[in-house]
Amino acid sequence: MKESIPDSYHTGLSIRGSQDEDPPDPQLMRLDNMLLAEGVSGPEKGGGAAAVAAATAAVGVGADNSIEHSDYRAKLSQISQIYHTELEKYEQACNEFTTHVMNLLREQSRTRPISPKEIERMVNIIHRKFSSIQMQLKQSTCEAVMILRSRFLDARRKRRNFSKQATEILNEYFYSHLSNPYPSEEAKEELAKKCAITLSQVSNWFGNKRIRYKKNIGKFQEEANLYAAKTAVTATQAVAAAVHNSQTNSPATPSSGTHERDHWRDHRG
DNA sequence: TTCGATGATTTACG
DNA sequence: CGTAAATCATCGAA
């Protein structure tokens, strides 16, 4: 069961359709402002995708997770698209209905005198009705945006697995310093920067990695050999480059010698 | 839905 | 403070 945010769009029209129309309507203004600020609505054309991106950037501000960003952006864009589609539909329907009514009135005018005033009144009523519908659409969209926003905000509290590349970098460091996998503060910062995660995340990762590696070395041997081989390649290349006179000495197999007997029992600061 | 992997948090130690 | 160890909470794949 995946619950997205499909509901609360084109839903019923029975939420109050009266009492709020002509006056400055602070409520409507608020909705409009929010939709505008969020990138939905706005200078129409193109669905305001750029505006969506800008709003997303404004929301995401301090975060460093680009995955959630794109997620949020995609959903917001979807909302925006639906909003514009519906809005256009309503407008079209309004026009069609208006012309239809006009035609009816015109036909009736042959058997009954109809004043321009009456026609105008009719059109006004129709427009009012549709504008009220549009406001409901705005409200629904606003609601959806708020739901999305709240979900985005508290989604940041939830755990996110690191990217494949990040774990790659971390593992590379870990296994190439297997004899003493305690990166210094600077090294941590470097890793954090490379992996696009925070310093404490790096510390957490190494803490978890150390304890879990030690707890079940067998489970990690494959991984260890993999990264050992990986670094061995670069190391071999470096050596080969330095020693431009290779030896006929066959280097003992990639040595599955992953036997660090004493597992960093003590550490120094 | 289950279950292992995994990031985060808590607790205890020096 | 940083860390070890246990534990929690979520993810992601079978």
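Convention: sequence-line order gives letters A, B, ...; per-chain numbering from 1.
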Just the table, please: protein N/O against nucleotides 5-7 of chain C N/O, every pair under 3.5 Å.
from	atom 1	to	atom 2	distance (Å)
C:dA5	OP2	A:Lys214	NZ	2.5
C:dA6	OP2	A:Lys215	NZ	2.3
C:dT7	O4	A:Arg212	NH2	3.4

When you check the phosphate oxygens OP1 and OP2 of [N], does a side-chain N or O of [X] lie under 4.0 Å from one of them?
X: A:Asn204; N: B:dA8; result: yes
X: A:Lys219; N: B:dA5; result: yes
X: A:Lys164; N: C:dG12; result: no
X: A:Gln201; N: B:dA8; result: yes

Expressed in angstrom and rounded to an integer, what is the separation of [X] atom [atom1] from [N] atom [atom2]?
X: A:Asn161; N: C:dT10; atom1: CG; atom2: C1'; answer: 8 Å
X: A:Arg160; N: C:dC11; atom1: CZ; atom2: P; answer: 6 Å
X: A:Phe174; N: C:dT3; atom1: CZ; atom2: P; answer: 13 Å
X: A:Glu168; N: B:dT6; atom1: CD; atom2: P; answer: 13 Å
X: A:Arg159; N: C:dC11; atom1: CZ; atom2: P; answer: 7 Å
X: A:Asn180; N: C:dG2; atom1: CG; atom2: P; answer: 16 Å
X: A:Phe206; N: B:dA8; atom1: CZ; atom2: C1'; answer: 17 Å
X: A:Arg210; N: C:dT3; atom1: CZ; atom2: P; answer: 5 Å

A:Asn103 versus A:Arg106, side-chain donor and acceptor atoms under 3.5 Å = yes

Quick note, A:Tyr182 side chain, CB onward, closest among C:dT10, C:dT3, C:dG12 is C:dT3

Reckon A:Phe162 touches a base, only the sugar-phosphate, or nothing at all at heavy-atom distances under 4.0 Å?
->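 The answer is sugar-phosphate, as A:Phe162 gets under 4.0 Å only of primed atoms, P, OP1 or OP2.
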
Can the positive tip of A:Arg210 be found less than 6.0 Å from the middle of the six-membered ring of A:Phe174, inside 45° of the ring normal?
-> no

Heavy atoms, side chains only, cut-off 4.5 Å: are A:Leu170 and A:Lys194 in contact?
->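 They are not in side-chain contact.
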
Assess whether atom [atom1] of [X] is packed by more than 12 heavy atoms of other residues, nucleotides or ligands within 6.0 Å.
X: A:His177; atom1: NE2; answer: yes
X: A:Glu189; atom1: CD; answer: yes
X: A:Glu88; atom1: CD; answer: no

Anything under 30° is parallel, anything over 60° is perpendicular, the rest tilted; go ahead and classify A:Phe220 against A:Tyr213.
-> tilted

